[in-house]
Amino acid sequence: MVSKATEIEVETQDGLNFTAEVIGNDPSTDIAVIRIYAGKLSYTKFGDSERLRVGQLVVAIGNPFGFQCTVTTGVVSALGRSLPSMTGRMIDNVIQTDASLNPGNSGGPLVIANGDVVGINTAIIPAAQGICFAVGSATAEYVAGKLIMHGRVRRGYLGIAGQNLHLPVRVTNYNGLKYASGILIQKVEDHPRIDNKMLKPGDVVIGFNGKPVRGISDLHRYLSEETIGKSHELLILRKGVKQMITVTPMEL
């Protein structure tokens with residue numbers, strides 16, 4: 001892991017070795033950017049993961065178990081998956097593939113037939129066969145750009161702890177809700193820079209700025225850089241009844 005590395009060494013295909021420096025690291029998406037000083041290196045480019053289709057052929061490249069430059073093939077098994085990161089935030093729009101991945105493939109590219117990178121290989125399910133995941137290039141390109149420019153990715157933080165909750169049918173029908181789920185708030189952090197004083201444990205968050213909140217992953221996605229320091233409308237259920245309140249996130 002880059003975040004715990006004391007020294008990073010990069011070896012190119014032709015046997016050259018370089019010491020790399022970390023430009024930025026984003027544990028919430030399992031993406032980091034490192035830099036080496038070298039000239040005339042070949043490179044590839046990001047493709048558009050939003051244009052992928054289930055069943056499309058993909059190729060994974062990496063160093064599984066130390067076997068360098070291993071290539072495996074498979075298909076896109078599913079799109080739009082969500083995967084928990086090491087920080088607890090959900091990585092959205094994850095690509096599921098059956099291209100074989102093993103320890104050592106993480107960080108390697110997932111490419112399509114023309115060589116464009118459509119994903120960054122990130123995780124497997126050890127007990128399963130053929131269930132592997134890659135962070136989509138749309139996410140990776142955005143995060144990499146932020147890391148190169150600022151060294152970090154800014155995100156909003158509301159100072160609440162909660163869990164996904166399935167709502168009873170009577171509550172859903174009474175309030176005219178489209179979705180029967182939300183986030184049950186269990187704890188509200190008292191922080192001078194966060195305006196969350198209108199929230200109480202036991203409230204259920206079901207909307208953010210007019211968009212539905214079906215669970216924690218929805219709220220994480222909405223709390224982007226643009227929300228920091230601004231007032232936003234939060235739709236909640238309090239004692240089973242809809243209520244609109246305002247909150248102001250701070251930077252995570």
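Small disclaimer: the values here were computed from a predicted structure and weren't measured.
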Legend entry - Spatial distance of atom CG (L234) from atom CG (L158) [nearest 0.5 Å]: 6.5 Å

Inset, instruction - Could you give me the CA-CA distance, side-chain angles and deciding distance for L199 and I160, then say whether side-chain contact (heavy atoms from CB on, under 4.5 Å) is met? - result: CA-CA 9 Å; L199 282 169; I160 59 175; 3.8 Å; yes

Legend entry - Y174, OH atom: more than 12 neighbouring heavy atoms under 6.0 Å: no

Inset, instruction - Give the minimum heavy-atom separation between I148 and I23, together with the two atoms involved. - result: CA-CG2, 4.0 Å

Inset, instruction - Report yes if some heavy atom in the side chain of R154 is under 4.5 Å from a heavy atom in the side chain of K146; otherwise report no. - result: no

Legend entry - Validation row: D116, F46 side chains within 4.5 angstrom (heavy atoms): no

Legend entry - Verdict with reasoning, Y157 to I194, per side-chain contact (heavy atoms from CB on, under 4.5 Å): CA-CA 8 Å; Y157 178 63; I194 307 175; 3.7 Å; yes

Inset, instruction - State, with a plain yes or no, whether a side-chain heavy atom of V171 is found less than 4.5 Å away from one of L237. - result: yes

Inset, instruction - Group every Ile, Leu, Val, Met, Phe, Trp and Tyr by side-chain heavy-atom contacts under 4.5 Å, then state whether V94 and I112 land in the same group. - result: no

Legend entry - Donor-acceptor contact present, side-chain Y222 to main-chain P212, <3.5 Å: yes

Legend entry - Nearest heavy atoms of T97 and V75, plus distance in Å: OG1-O, 2.9 Å

Legend entry - Salt bridge flag under 4.0 Å for residues D218 and R221: yes

Inset, instruction - Kindly work out whether a path of hydrophobic side-chain contacts (I/L/V/M/F/W/Y, heavy atoms less than 4.5 Å apart) joins V153 to I120. - result: no

Inset, instruction - Ignoring hydrogens and angles, state whether a donor on the side chain of T122 or D30 is under 3.5 Å from an acceptor on the partner side chain. - result: yes

Inset, instruction - Look at R155 together with D26 and state whether they make a salt bridge at an N to O cut-off of under 4.0 Å. - result: yes

Inset, instruction - Kindly indicate whether the side chain of V54, heavy atoms from C-beta on, has any atom under 4.5 Å from the side chain of S77. - result: no

Inset, instruction - Evaluate the side-chain proximity of T70 to I61: yes if any heavy-atom separation is below 4.5 Å, no if none is. - result: no

Inset, instruction - Give the C-alpha distance, both sets of side-chain angles, the deciding distance and a yes or no for side-chain contact (heavy atoms from CB on, under 4.5 Å) between F133 and I125. - result: CA-CA 9 Å; F133 302 99; I125 297 180; 3.8 Å; yes

Inset, instruction - Please test N17 against E9 for side-chain contact (heavy atoms from CB on, under 4.5 Å), starting from the C-alpha separation and ending with a verdict. - result: CA-CA 7 Å; N17 287 275; E9 186 176 288; 3.2 Å; yes

Legend entry - Exceeds 12 heavy-atom contacts within 6.0 angstrom, atom CG of D190: no

Legend entry - Hphob cluster co-occupancy, L101 + I95, side-chain heavy atoms under 4.5 angstrom: no

Inset, instruction - With the side chain counted from C-beta on, respond yes when V135 and N121 share a heavy-atom pair under 4.5 Å apart, and no when they do not. - result: no

Legend entry - N/O donor-acceptor pair under 3.5 Å between N173 side chain and R170 backbone: no

Legend entry - L177 side chain near L167 side chain, heavy-atom distance below 4.5 Å: yes

Inset, instruction - Mark yes when over 12 heavy atoms from residues, nucleotides or ligands other than Q13 sit less than 6.0 Å from its CD; otherwise mark no. - result: no

Inset, instruction - Check the surroundings of atom CE in M149: do more than 12 heavy atoms from other residues, nucleotides or ligands lie under 6.0 Å from it? - result: no

Legend entry - Separation between CD of E141 and NZ of K45, rounded to the nearest 0.5 Å: 10.5 Å

Legend entry - Interatomic spacing from NZ in K178 to CD1 in I206 - rounded to 0.5 Å: 13.5 Å

Legend entry - Gap between atom OG1 of T248 and atom NE2 of H232 - 0.5 Å precision: 7.0 Å

Legend entry - Residue pair V118 / D48, side-chain heavy-atom distance below 4.5 Å: no

Inset, instruction - Kindly work out whether a path of hydrophobic side-chain contacts (I/L/V/M/F/W/Y, heavy atoms less than 4.5 Å apart) joins V33 to Y142. - result: yes

Legend entry - In one Ile/Leu/Val/Met/Phe/Trp/Tyr side-chain cluster, 4.5 Å: I216, L235: no

Inset, instruction - Give the minimum heavy-atom separation between S49 and S137, together with the two atoms involved. - result: N-OG, 3.0 Å

Inset, instruction - Check for a donor-acceptor pair, side chain of N209 on one end and backbone N or O of E233 on the other, with a separation under 3.5 Å. - result: yes

Inset, instruction - Enter the distance from R238:CZ to I245:CD1 here, rounded to the nearest 0.5 Å. - result: 6.0 Å

Inset, instruction - Report yes or no: does T44 contribute a side-chain atom to a donor-acceptor pair with the main-chain N or O of G115 at less than 3.5 Å? - result: yes

Legend entry - More than 12 heavy atoms of other groups within 6.0 Å of K197 NZ: yes

Inset, instruction - Looking only at non-hydrogen atoms, find the nearest pair between N63 and C69 and report the distance. - result: OD1-N, 2.8 Å

Inset, instruction - List the atom of F208, the atom of V213, and the distance in Å for their closest heavy-atom pair. - result: N-CG2, 3.7 Å

Inset, instruction - Search all heavy atoms of L165 against all heavy atoms of V204 and return the closest pair with its distance. - result: CD2-CG2, 3.7 Å

Legend entry - From OG1 (T19) to CD1 (I8), nearest 0.5 Å: 10.0 Å

